[in-house]
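One structure is given here, and the rest of the page talks about it.
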Amino acid sequence: MNIVQESSKSTAREADKATPAPFFVRGKVVEGTGVRHKSRDLGVDFGTPKIDLDALITLRTEPGPLFDVKLSEILDFLAATGERMRLDKNGHLREAVDRISATNVLPRSVIELNVRMAADYLNKAKLLEYARHNLGDERVLDEWVPRVDSTGRRSFTRAFPPRLIHILPGNSPLVSAQSIALGAMVKAINLFKMGSSDPFMAVAILRTMLDVDPSHPVPRSMSAVYWRGGDEQVERAVFQPQYFDKIVAWGGGDAINNVIKYLMPGLQLVSFDPKTSISMVGNEAFDSDEILEDVAMRAANDVGLLNQEACVCSRVLFVEGNRPQVDRFCERLQRKLVDRNAVSGKAPPLPRDLAEEVESMRLMDDEFGVWGTGDGSGLVVRSDEPVDFHPVNKTANVVQVAALEHALKYVNVATQTVGVYPPARQIELRNGLASGGAQRIVRLGDAGGQSIGAPHDAMYVMHRFVHWIVHEDGFEAR
Amino acid sequence: MDAVVRQRESAVDRLVGLVDTENPFDMPFSEALPRQLEAINERFKDRIEKIKLLQNRAESGGITEIRTMADIVPLLFAHTAYKSYPEGWLVEQKWDRMGRWLDTVSTNRVRSMDTSRIKGLDEWLHRLEEQSHYVSCSSGTTGKCAMMNATMADCEFAGHSLLQAIVWAGLAPNHDRRMIALGQVAATPRNRASGKPMREAFNRPDVAPFAPNVPPITIGGITEMIVLRKKIADGTAKPTEIAYFEAQVVEREKAIESSIEQAADALIESRHMPLHIMGIFGPLYKVAERVRAKGYSGKDFRENSAFVSGGLKRVQVPSNYREFIFETLNLSPARLCLTYGMQEANTNAPRCSAGRYHLAPWVMLLLLDESGENLIEPSSSGELEGRAAFFDLSLDGRWGGVISGDKIRATWAPCACGNRGPSVSDDIQRYADMASGDKIACSGTIDAYVRGVA
């Protein structure tokens with residue numbers, strides 16, 4: 001594929017003000033800013049090349065570049081990419097950080113941290129551990145692994161490389177790195193559709209790969225482009241089972257409803273549904289002032305993580321105690337949220353409707369308590385049951401409960417991570433939480449951590465990505 | 001009576017009283033502005049003691065007096081102010097708490113009442129009417145209902161000023177037409193009140209006005225659906241409730257379908273007399289399609305007139321929908337009155353012969369930036385674009401300052417129609433419709449897991 005040059009000078013001039021967002025198509029960078037887009041959250045203009053739909057497709061008669069490459073070699077290449085990302089000699093990531101800062105609501109420091117985490121994620125030992133834990137035996141990626149069942153029937157199983165479309169979220173540059181790594185490890189043919197709040201990070205990582213080895217099969221198996229979600233001209237043509245096996249989609253609402261239209265036999269959905277995370281704070285938090293201070297800090301960490309943009313961020317905190325105790329917790333939590341601003345900066349102010357609802361609550365002080373303001377620096381709203389809005393931009397909804405078990409009725413399939421204090425009470429709560437629909441239980445304050453290869457959203461991700469193929473070879477000659 | 005006399009002399013009443021003059025829309029902005037500012041300040045001084053949310057806004061915005069248009073901006077309420085109650089209270093029918101909430105956005109006190117035996121929202125609203133609170137509710141089955149309090153005077157003014165606006169726009173009611181109402185609007189006090197004066201002025205005495213015979217869309221009925229949707233989301237709804245919910249959606253669609261059919265039949269049946277049609281464009285287009293399908297068109301009708309309010313409300317129609325409607329029902333631009341208004345305000349802006357919507361002098365137009373936080377200063381020439389906000393001095397039961405969701409182009413210069421008051425171009429867009437479905441993030445709520453209804 002050649003580098004596409006801008007064809008029309010007048011459009012190029014018009015697009016001068018738009019931030020360039022080049023594409024990456026099967027191992028090559030595609031420059032151009034002829035097509036203007038607007039980022040969803042901040043309304044910033046960016047310019048992309050025109051999409052060459054045919055270039056995004058690898059026909060099924062053509063094996064993917066990674067199909068016969070050993071996992072170990074892929075991991076070496078990913079690790080080398082991680083190294084290059086840390087050095088960033090060609091400035092691809094610096095440039096991406098600059099550009100993401102303009103289109104994304106995340107503060108620059110958080111984006112920089114995400115990029116460092118992305119580089120660290122490309123670690124050979126950790127990625128191997130991930131694959132081993134997800135698949136039981138990583139050999140299935142490289143070989144047809146033999147087995148004889150109890151009746152003597154012989155079979156060979158392989159986790160065969162799939163053809164994947166990844167609909168990337170716009171709220172976490174780290175997810176781009178994770179998706180690229182997993183897509184490479186399963187040896188897939190990968191098409192990444194970037195989000196309008198970050199149409200840069202995936203391309204920056206893939207460009208860095210070219211610095212490691214411009215002809216390596218890993219970048220050749222990857223394309224990262226942008227089109228406006230819902231653009232039927234692109235999606236109707238590309239979302240076909242003749243070309244792809246699975247659409248890996250983050251998010252919900254419009255984004256998922258849009259993808260669902262295209263599902264059919266042969267084209268499956270692997271969905272990372274929209275999630276809300278919560279916290280459960282037992283009455284033990286009030287045993288002493290020091291403990292309360294510590295618990296409030298842990299809670300603030302879970303709420304304020306990534307400025308509350310991610311699914312693991314706590315939004316509703318169920319606190320076991322009486323009114324004065326719970327109010328003390330609220331007051332400290334709000335203070336700790338504000339303290340975090342020194343590290344990660346303020347979040348954007350609350351949207352108007354939400355700010356209005358909170359102000360109404362402040363007026364009804366019999367029913368609600370409100371600490372802080374909606375300016376993005378940290379806000380806590382105490383209520384008797386969860387508020388009916390989705391707390392965002394460093395807003396915590398503290399719900400007073402007589403016993404943590406009473407909070408289980410508020411857990412549902414959209415509940416992802418539940419942070420529990422004290423840790424010992426995770427045991428008594430976890431069956432009830434899982435039954436309600438929650439997918440991950442952690443110690444309070446540890447929502448941002450991650451056990452390598454652990455299930456995500458109630459699935460082993462890599463296991464879902466691959467195509468499980470069996471070759472059955474009858475009975476051994478007796 | 002002293003109080004009444006004093007009130008009549010107020011700056012507010014001097015402006016609102018212009019409704020009964022021949023052409024209130026001719027007042028130049030330069031003349032209206034000082035009078036509006038004086039009147040809004042007068043309102044503010046009075047209401048700050050009465051409307052708790054206003055008091056809260058004034059305190060946080062540091063506003064103690066209205067001297068300029070910019071002073072009003074922090075005091076404007078978005079429609080969300082009228083849906084800021086916790087939805088759980090509605091679901092669990094906590095009417096005492098709902099009453100305390102309503103009080104924070106009302107001019108006149110919502111007194112506590114024995115709510116223990118109230119069955120459902122419609123009954124609560126009825127009990128509020130006994131206290132002279134006429135609460136209207138924006139419709140919609142997926143979101144929360146905005147609940148807006150009004151006095152009887154508000155309801156009467158809405159109907160009266162609308163009729164005056166229609167006459168100003170060029171329709172001459174003369175008790176000589178049959179009114180054909182397309183229905184499909186919620187049965188709210190405001191909607192009831194605004195239809196009545198028009199009906200009395202247009203409808204001929206020997207024929208009953210037509211309205212489709214379908215179950216009325218009551219606020220309680222709308223809310224029942226909202227409540228069910230929430231229960232489905234929470235996972236507390238049983239499969240029979242989900243089945244009921246989905247059946248209701250089908251029922252509603254059937255009712256809409258039936259009202260279109262009935263309206264088409266009524267139009268055809270009354271085609272030998274002049275008609276006055278009242279509705280919104282989306283359904284009107286569907287009715288026109290039905291009339292065509294039954295083999296009738298413009299040549300079969302007398303010269304009809306129509307009153308159409310609101311935009312398309314996201315209904316998908318071909319771009320030539322207006323021509324199609326005109327040709328089918330023998331309407332003409334001169335015999336069509338269009339108005340631009342919003343549920344949160346009381347006064348509609350009628351469209352002039354030059355195709356622009358005109359603001360009455362008792363309604364101040366404030367143009368804001370997209371965020372709704374900053375005033376775009378009026379200019380004496382040309383058009384400016386931004387988010388529409390209004391201060392409607394005729395509003396009594398709640399605060400008159402409201403921000404819309406509309407992107408408009410406005411001018412304060414005289415209009416081609418000859419009137420000198422501010423006017424709005426007819427290419428009004430909704431900011432909500434312009435956003436793309438492009439937001440993808442891993443965080444979100446259980447709402448994404450509910451099979452939705454439109």
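Order of the sequence lines sets the chain letters (A, B, ...), proteins ahead of strands, with each chain counted from 1.
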> Among A:Lys409, A:Met364, A:Gln416, who wins on heavy-atom pairs under 4.5 Å with chain B?
Replying inline: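 It is A:Met364.
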
Counting heavy-atom pairs under 4.5 Å with chain A, which one of [options] comes out on top?
options	answer
B:Thr80, B:Asn56, B:Asp103	B:Thr80
B:Gly88, B:Ala78, B:Ser60	B:Ala78
B:Gly372, B:Ser84, B:Ser371	B:Ser84

Could you tell me which portion of [X] (side chain, backbone, both or neither) has an atom closer than 4.5 angstrom to a non-hydrogen atom of chain B?
X	result
A:Glu367	side chain
A:Asp198	neither
A:Phe368	side chain

Once rounded to the nearest 0.5 Å, what's the spacing between atom [atom1] of [X] and atom [atom2] of [Y]?
X	Y	atom1	atom2	answer
A:Glu356	B:Leu53	CD	CG	6.5 Å
A:Leu363	B:Ile51	CG	CD1	12.0 Å
A:Glu359	B:Arg57	CD	CZ	8.0 Å

> Quick one: side chain to side chain donor-acceptor pair (under 3.5 Å) partners of A:Ser39, sequence neighbours excluded?
Replying inline: none

> Got a sec, which residues hit ring pair (Phe, Tyr, Trp, His ring centres under 6.0 Å) with B:Tyr85, two or more places apart in sequence or on another chain?
Replying inline: B:Trp101

> Of all heavy-atom pairs between A:Met361 and B:Pro86, which one has the smallest distance, and what is that distance?
Replying inline: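 Answer, listing the atom of A:Met361 first, then B:Pro86: CE-CG, 4.4 Å.
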
>> Can you tell me if B:Arg109 has over 12 outside heavy atoms packed within less than 6.0 Å of its CZ?
In response: yes

> Hey, is CD on A:Gln233 packed in by over 12 heavy atoms from elsewhere, all under 6.0 Å?
Replying inline: no

> Does a side-chain N-to-carboxylate-O contact under 4.0 Å join A:Glu385 and B:Lys94?
Replying inline: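 Result for this pair is yes, salt bridge flagged.
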
